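What follows is a short report on a single structure.
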Amino acid sequence: MRWAGLVVVAVLAGYIAVLLGDARHFYTDDTEAQYVPMWQLLGAELRAGRFPAMVPWEWMAGNYSLEEAGLYNPAQLLVYLLAPSFDNLAGYATAVKFVFSAIAALGVFRICLAYGARAPLAALAGVAFPFSGWFLFFDEASWFTSQTGTAWLVHAWASAVLYARKRSGPIPLFVFLYLALTIQYVFPAVEAALMIVAVAAGEYLYRREWAPVLRMLTAAGLAALASLIANLPLLLSSQATWRGDVSTIHNDPFLTVPWSESLNASLPSTVPAFTAWWGHVQPLPMVYIAWFVIPALAFIDWKAAAKSASEWSGIALFGVATLMWTAGPGAIGPLRWPARVLPMLAIAVLVLVCVLLSRYGVFVSSRRRYAAAGALIGLLFIRSFSAAPELLVRHVLAVVVVVAMGAGALWLARHRGVAAAATAMIAATMPIAFAQVAAAPETPLSYGFPERRSEMLATFPDFGGRTLQLADRIAVRDEERTLAGTYGSIALGSYAKNMGLQYVNGYTPVGHAAFAGLLCMAWDGGTCPDAYRRVFAVEPSTDTPIVDLMRLDRVVLQRAQYPDAGEKPAPSGWMFVRYPGHEHQIWVLERVNPLPSPGDMIAHGSGVHATVMPEAGLTNRATVSSGTGGRIVFARLAWPGYTATLGASEIPTRAVAGTFLAVDIPPGTHQAELTVTWRPPGLSISLAAALLAVLAIGALHWWYRRTDGPAVEETTAERARVAVS
């Protein structure tokens, strides 16, 4: 417990060091544009007593059964429930990410212990991981779902090994794997599957017994079965989204990492050479793992390690698989950008090195080992210099630092013990993280959103009702990304959710393909210049403008995209409205007359008489009559999962313009109740599967307690782990 506590304290110290280098490091790109606003919205919905699997008025990103929302993940729900209580969004995001980084660090710590590492070196691996290159600069800084998925995945890995070796029951594996799989993000799911296969193969090679492996695979399979509730809706709705084609496999150089970049893993100054947003040479240490992992290879007794290779073969198998993945293909269905797998490679390398150092480390004075370490550091320098020769001085300084810290760690290991050496090596993590973050350029992916909700609310127009914004992020100049400029009037990404405004636009990695095509709307909620014409165009089959089918109250035009729109006549039935203080950024169109029947979900009817259908909730009712038959079109996206009943009979739903939900009313209908309901596709199957999985894992745990119990294994690995200094 002492070393576990040190892991948490050290991660906190590392976070403080990073914030000293860049106070907004953990509040950038997708975090500010997608995740934090989503936390605010979902938290408000949960506090209002609504489970937000669908937020209908948020057309672009409101189907949260498909988004990266983790609605069936208890930890994610807690994040959402707390979010509306915080005004400082950057501060809250940083606190949340620290918690998940600490969880991830403890997970790596547990994996090392499971394979027999000494606690001090297991702690070293745990602390090093959150400050490895890709995880620090991308997953922690921006891509929150990757961070959280990894945090649970490493605990699932440790629990899988412990269960296979009869040192723990199946429930921890089931719980942690369920948490990893219900993030609703494809990368952790596939990485988790790869991890389970690697562990299963490794444990069979170690034990040569099928029974423990099969029990472990069964527990993992039950976790996957329970997680269907989070993942089946996306599979059943995929054809309506941008992610519809999951069969494509192709290669391209973007974020595909050559294997030679592995030689950059231990030099803090590394800037790898592969194609990404900054061109061919990246200004961030994306492939950096930890300063000690490559030089430490010289101080392992490889002959002794080889004799028990089967015991740690699962780590090596996972490392080799992830190394191969990072090099391509560039896209496998929805899995694009192989560099995203770099944290998995970092975990494998850190665990393997620290396990081998714990059990086969040789720290006595040896010219041969010093020469080998020097050669490895020389290779680090040559590869890093080759990628960015203009940073020669920085690379030389990094070599000096690594040599000095390595020499100090060796002296401590020989004279004060492994615990003292590991503690000093952990302490070295903080200044390196500070230096790397402080030297990094500002990411071009950042939006630069304000940090406080109160300041946003005080500045932004009070737009009631439903708003569609026609704007493009590209048209915003850097100097205008302030509350006094763009962000006082224009809501990019999901910015509007921070203020509780009902904007159609939003940031989504999924997207309703037909609706996005109808208004040429992109993943970040931005639109093309032709969107103005399109939204006021008439939909032919209903002879109704798109803006009326959406039942919008307001259309906001970005002046940078439509510089003279307000100087021309407004569309019929609309007028330009002046909002003092915002004229330099936006034109605002509002209806001359308010919409009839406010809150009515019915947007258009032909040949049908219908009462108002209140739009609140996901089950909506109206009374309809039609003598000759007709059609009703709703102000809802035609997502899979909708059902309609007329009286006691189910009637089919359809899509108008591939976008709007509609139903046909048969002739002779008189005062019949029309009920329209949306539920995540496959919900009943998913609930039954989850119940079955819970019952089965209970039975598996009962069998474990009855037959195996928490066996104590007297292996060399156990003895090494107990000998903690």
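The shown structure was predicted, so the numbers you read here are calculated from the model rather than taken from an experiment.
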Between [Y] and [X], is there a side-chain heavy-atom distance shorter than 4.5 Å?
{"X": "L162", "Y": "R110", "result": "yes"}
{"X": "D139", "Y": "P343", "result": "yes"}
{"X": "V287", "Y": "W134", "result": "no"}
{"X": "V437", "Y": "F137", "result": "yes"}
{"X": "V402", "Y": "P295", "result": "yes"}
{"X": "T275", "Y": "T256", "result": "no"}
{"X": "T429", "Y": "I432", "result": "no"}
{"X": "N264", "Y": "Y288", "result": "no"}

Report task. Evaluate the side-chain contact (heavy atoms from CB on, under 4.5 Å) criterion for residues L380 and V399: first the C-alpha distance (whole Å), next the side-chain angles of each, then the deciding distance (0.1 Å), finally the verdict. Result -> CA-CA 8 Å; L380 290 172; V399 167; over 6 Å; no
Roughly how far, to the nearest 0.5 Å, is the [atom2] atom of [Y] from the [atom1] atom of [X]?
{"X": "K307", "Y": "D301", "atom1": "NZ", "atom2": "CG", "result": "8.0 Å"}
{"X": "S142", "Y": "D29", "atom1": "OG", "atom2": "CG", "result": "3.5 Å"}
{"X": "L6", "Y": "I426", "atom1": "CG", "atom2": "CD1", "result": "4.5 Å"}
{"X": "L379", "Y": "I294", "atom1": "CG", "atom2": "CD1", "result": "9.5 Å"}
{"X": "N231", "Y": "S686", "atom1": "CG", "atom2": "OG", "result": "9.0 Å"}
{"X": "I377", "Y": "W291", "atom1": "CD1", "atom2": "CH2", "result": "9.0 Å"}

Report task. Dump the intermediate steps for ring pair (Phe, Tyr, Trp, His ring centres under 6.0 Å) on F109 and W3, then the final yes or no. Result -> CA-CA 9 Å; F109 174 74; W3 287 101; 8.3 Å; no
Looking at [X] and [Y], what are the two nearest heavy atoms and their distance?
{"X": "C112", "Y": "A125", "value": "SG-CB, 3.7 Å"}
{"X": "G70", "Y": "Q76", "value": "O-CB, 3.4 Å"}
{"X": "S101", "Y": "V11", "value": "CB-CG1, 4.1 Å"}
{"X": "V154", "Y": "A104", "value": "CG2-O, 3.6 Å"}
{"X": "W259", "Y": "A327", "value": "NE1-CB, 3.1 Å"}
{"X": "F100", "Y": "A75", "value": "CZ-CB, 4.3 Å"}

Query - Donor-acceptor pair between R208 and S310 side chains, under 3.5 angstrom - result: no
Query raised in the report: Can T145 and Q184 be counted as having a side-chain donor-acceptor contact under 3.5 angstrom?
Result: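 No donor-acceptor contact under 3.5 Å links the two side chains.
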Query - Quiz item: cation-pi between R340 and W143, 6.0 Å / 45° - result: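 Here R340 passes the 6.0 Å and 45° test against W143.
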Does the [X] side chain pair with the main chain of [Y], one donor and one acceptor, at a distance under 3.5 Å?
{"X": "T326", "Y": "A339", "answer": "no"}
{"X": "Q282", "Y": "F274", "answer": "yes"}
{"X": "S168", "Y": "S159", "answer": "no"}
{"X": "H25", "Y": "L136", "answer": "yes"}
{"X": "W302", "Y": "L297", "answer": "yes"}
{"X": "R369", "Y": "A298", "answer": "yes"}
{"X": "H155", "Y": "I103", "answer": "yes"}
{"X": "T270", "Y": "L267", "answer": "no"}
{"X": "Q147", "Y": "K97", "answer": "yes"}
{"X": "Y206", "Y": "E209", "answer": "no"}

Query raised in the report: Around L692, counting heavy atoms of other residues, nucleotides and ligands shown, do more than 12 lie under 6.0 Å from its CG?
Result: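 More than 12 heavy atoms, drawn from other residues, nucleotides or ligands, come within 6.0 Å of this atom.
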Query raised in the report: Taking it one step at a time, do F131 and M430 satisfy side-chain contact (heavy atoms from CB on, under 4.5 Å)?
Result: CA-CA 9 Å; F131 304 101; M430 293 73 182; 5.9 Å; no
Query raised in the report: Which residue, I183, L181, T182, forms the side-chain contact (heavy atoms from CB on, under 4.5 Å) with Y185?
Result: I183
Query - Given F138, Y15, Y35, the one that forms ring-ring contact (aromatic ring centres under 6.0 Å, His included) with F26 - result: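 Per the ring-ring contact (aromatic ring centres under 6.0 Å, His included) rule, the option paired with F26 is Y15, out of F138, Y15, Y35.
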Query raised in the report: When you look at V362 and V364, which way does the side-chain contact (heavy atoms from CB on, under 4.5 Å) test go after all the steps?
Result: CA-CA 6 Å; V362 180; V364 297; 3.7 Å; yes
Query raised in the report: Taking the inter-plane angle between the rings of Y178 and F174 on a 0 to 90° scale, is it parallel (under 30°), tilted (30 to 60°) or perpendicular (over 60°)?
Result: parallel
Requested in this report: Apply the test ring pair (Phe, Tyr, Trp, His ring centres under 6.0 Å) to residues F363 and F299: give CA-CA distance (whole Å), side-chain angles for both, the deciding distance (0.1 Å), then the verdict.
Outcome: CA-CA 6 Å; F363 306 116; F299 300 95; 7.2 Å; no
Query raised in the report: What do you reckon, are the aromatic ring centroids of W157 and F318 less than 6.0 Å apart?
Result: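 So the answer is yes for these two rings.
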Query raised in the report: Under 6.0 Å between the ring centres of W337 and F254?
Result: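 Yes: the rings meet the under 6.0 Å criterion.
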Query raised in the report: For F187 and R336, what are the C-alpha separation, side-chain angles and deciding distance, and is it a side-chain contact (heavy atoms from CB on, under 4.5 Å)?
Result: CA-CA 9 Å; F187 267 92; R336 61 172 184 162; 5.6 Å; no
